[in-house]
Amino acid sequence: MTEELTKKAADMLLNGATLLREPCPYCTGVRVMKEGYALCIKCGREPEKKEVPAAKIPESTSSTIKKTIEKKMKILSTELENETDHEKQQEILKTINSLLETMGKIKDDK
Ligand SMILES: [Zn+2]
């Protein structure tokens, strides 16, 4: 996953994008979707525009975790923006990546 893709995905999520339940048809990566625009965070492909219902978020615990992750994402996104050290950028990106994966798993539970 490239730095640019991760940041794009994080930005999309912060702006109300949802994670798609269906994995990427090319690489089975996690995809985020906003306003009919789906982006795979692994390979960066953007399959055809189509209406895919967003995965259901189970209430209670999962939504609490999701909120926490979203807060973290916001912080990490700002950190990434201001970070000039390349190694630290990679560290931040790794964290963002695992947060995205966690979010995907939460949604897949239900
Ligand atoms: Zn993909």
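Only this structure's heavy atoms are used, side chains among them; waters, hydrogens and symmetry mates stay out.
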Using atom types as modelled and distance alone, determine if a side-chain donor or acceptor of Asn15 lies under 3.5 Å from a backbone N or O of Asp11. yes
Measure the shortest side-chain to side-chain distance between Thr2 and Leu5 over non-hydrogen atoms and say whether it is less than 4.5 angstrom. yes
Hey, could you give me the CG/CE distance between Leu19 and Met12, rounded to the nearest 0.5 Å? 10.0 Å
Please determine whether salt bridge (Lys or Arg N to Asp or Glu O under 4.0 Å) holds for the pair Lys67 and Glu70, giving the CA-CA distance in whole Å, both sets of side-chain angles, and the decisive distance to 0.1 Å. CA-CA 5 Å; Lys67 267 180 204 153; Glu70 276 170 2; over 6 Å; no
Answer yes if Tyr37 and Val32 sit in the same cluster of Ile, Leu, Val, Met, Phe, Trp and Tyr residues linked by side chain heavy atoms under 4.5 Å apart, and no otherwise. yes
Can you measure from CD1 (Ile65) to CG (Leu99) and round to the nearest 0.5 angstrom? 12.0 Å
To the nearest 0.5 Å, what is the distance between CG (Leu100) and CG (Leu13)? 6.0 Å
Spell out, as yes or no, whether a donor-acceptor pair under 3.5 Å connects the side chain of Arg45 to the backbone of Leu39. no
Answer yes or no: is there an ion pair linking Glu4 with Lys7, defined by an N-O contact shorter than 4.0 Å? no
Can you give me the closest heavy-atom contact between Lys42 and Gly29, atom names plus distance? CD-CA, 3.8 Å
Output for pair (Lys66 NZ, Met73 CE), nearest 0.5 Å, gives 10.0 Å
Could you measure the distance from the CE atom of Met103 to the CD1 atom of Ile69? Nearest 0.5 Å is fine. 6.0 Å
Decide side chain to side chain contact (heavy atoms under 4.5 Å, CB included) for Ile41 and Thr6; before the verdict, give the C-alpha distance in whole Å, the side-chain angles of both, and the deciding distance to 0.1 Å. CA-CA 6 Å; Ile41 64 171; Thr6 312; over 6 Å; no
Tell me the closest heavy-atom pair linking Arg31 and Pro23, and the distance in Å. NH2-O, 3.6 Å
Keeping Glu79 on the side-chain end and Ile92 on the backbone end, is there a donor-acceptor pair under 3.5 Å? no
Is there a donor-acceptor contact under 3.5 Å from the side chain of Thr28 to the main chain of Cys24? no
Supply the atom-to-atom distance Met33 CE to Glu22 CD, rounded to the nearest 0.5 angstrom. 9.5 Å
Non-hydrogen side-chain atoms of Ser77 and Leu14 separated by less than 4.5 Å: yes
